[in-house]
Amino acid sequence: MGLFDAGARGDSSEAELRDRVATVPNAITAVRLAGIPVFAWLVLGPGAYGMALALLVAIAASDWVDGYVARRFDQASRLGAVLDPLVDRILIVVALLTLLAAGVVPPALVILLVTRDVLVVGGALVLFGGLAPMPVNRTGKAATAALFAGIALLLAAAWREAAVVSTLAWTLTVAGTVAYYVAGLLYARKAWELRRG
């Protein structure tokens with residue numbers, strides 16, 4: 001998902017999104033956000049990799065849940081369209097920084113992914129003066145899914161020291177990183193077209 005995808009909440013157009021805050025999907029997103037520092041503490045504090053992995057999977061999976069609830073019960077909102085993908089970005093960055101501090105991932109991976117997000121956020125601020133909902137693209141969805149899976153498997157490999165899991169984790173992470181940049185270019189092109197139009 002892109003940093004400011006409306007599609008995270010059911011591919012609703014901006015005109016269809018409502019100015020609502022107190023919705024079930026937004027509450028789920030808030031719980032997801034609250035779980036992120038707990039994940040970091042579990043890895044860096046007690047070194048409870050198993051519990052941290054379970055929490056990471058739950059946070060990532062609940063991203064699908066809030067989107068489903070928003071679509072199924074007509075609870076899409078402008079806040080959710082911005083907040084939901086923003087929490088995805090925060091989760092990826094915090095997870096990477098946490099795994100970097102734990103010695104699980106190299107600095108180069110963190111720099112690559114954080115740089116992409118800085119460029120996307122910076123571009124949005126320059127073009128729109130803030131974060132604006134944009135339609136999701138499949139490349140963005142695939143990139144986010146691959147990165148979530150790759151990061152989770154990197155943690156699993158560090159927890160159980162499994163070479164096969166590590167290979168799969170790096171394959172997904174590298175593929176997700178490439179797709180992440182491709183999605184960023186697609187969003188940049190779409191944003192530029194919207195700005196000019």
Side-chain angles (χ1 to χ4, degrees), residues 1-5 8 21-69 79-80 82-122 131 140-177 179-181:
M1 280 165 262
L3 181 62
F4 32 79
D5 307 334
V21 175
T23 66
V24 172
N26 288 346
I28 294 171
T29 300
V31 171
R32 294 177 64 221
L33 183 60
I36 294 173
V38 177
F39 162 79
W41 174 78
L42 285 170
V43 173
L44 300 177
Y49 282 17
M51 292 178 65
L53 177 61
L55 180 58
L56 180 63
V57 170
I59 294 170
S62 62
D63 180 39
W64 177 85
V65 175
D66 64 21
Y68 172 79
V69 171
L79 176 63
V82 173
L83 187 60
D84 182 64
L86 186 59
V87 170
D88 288 346
R89 304 285 72 80
I90 293 169
L91 175 59
I92 288 173
V93 170
V94 171
L96 285 170
L97 291 173
T98 300
L99 296 185
L100 174 64
V104 175
V105 300
L109 177 64
V110 179
I111 291 168
L112 271 174
L113 292 172
V114 171
T115 298
R116 186 273 195 184
D117 279 341
V118 168
L119 291 173
V120 171
V121 171
L131 302 182
K141 283 185 175 183
T144 301
L147 286 172
F148 278 157
I151 290 168
L153 288 173
L154 285 170
L155 180 58
W159 177 36
R160 292 298 186 189
E161 298 182 1
V164 174
V165 175
S166 180
T167 300
L168 178 58
W170 278 111
T171 301
L172 286 169
T173 302
V174 170
T177 301
Y180 206 46
Y181 269 87

Side chain to side chain contact (heavy atoms under 4.5 Å, CB included), paired with V94, selected from I90, I92, L97 |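 Result: among I90, I92, L97, I90 is the only option passing the side chain to side chain contact (heavy atoms under 4.5 Å, CB included) with V94.
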Pair up each side-chain donor or acceptor in residues 31-60 with any protein partner under 3.5 Å, not counting sequence neighbours, and list the distances.
unit_1, atom_1, unit_2, atom_2, d
R32, NE, I59, O, 3.0
R32, NE, S62, OG, 3.4
R32, NH1, D84, OD1, 3.1
R32, NH2, D88, OD1, 2.6

Distance-only check: which donor-acceptor pairs under 3.5 Å involve side-chain atoms of residues 156-170, not counting sequence neighbours?
unit_1, atom_1, unit_2, atom_2, d
T167, OG1, A163, O, 3.1

Sequence neighbours left out, what passes ring pair (Phe, Tyr, Trp, His ring centres under 6.0 Å) with W64? Give chain and number order.
->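 In terms of ring pair (Phe, Tyr, Trp, His ring centres under 6.0 Å), with neighbours along the sequence ignored, W64 is linked to Y68.
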Hey, what do you get for [atom1] ([X]) to [atom2] ([Y]), rounding to the nearest 0.5 Å?
| X | Y | atom1 | atom2 | result |
| --- | --- | --- | --- | --- |
| L154 | L109 | CG | CG | 7.5 Å |
| L119 | T115 | CG | OG1 | 6.5 Å |
| T177 | L112 | OG1 | CG | 6.5 Å |

Where do [X] and [Y] come nearest, in terms of heavy atoms and distance?
| X | Y | result |
| --- | --- | --- |
| Y180 | R116 | O-NE, 3.0 Å |
| T173 | I151 | OG1-N, 4.0 Å |
| A146 | G176 | CB-CA, 3.7 Å |

Does any pair with a residue in residues 50-60 pass side chain to side chain donor-acceptor pair (under 3.5 Å), and if so which ones, sequence neighbours excluded?
->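 Sorted pair list comes back empty.
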Could you pull out all residues at least two apart from A149 that satisfy side chain to side chain contact (heavy atoms under 4.5 Å, CB included)?
->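 Per chain and number, A149 pairs via side chain to side chain contact (heavy atoms under 4.5 Å, CB included) with L172.
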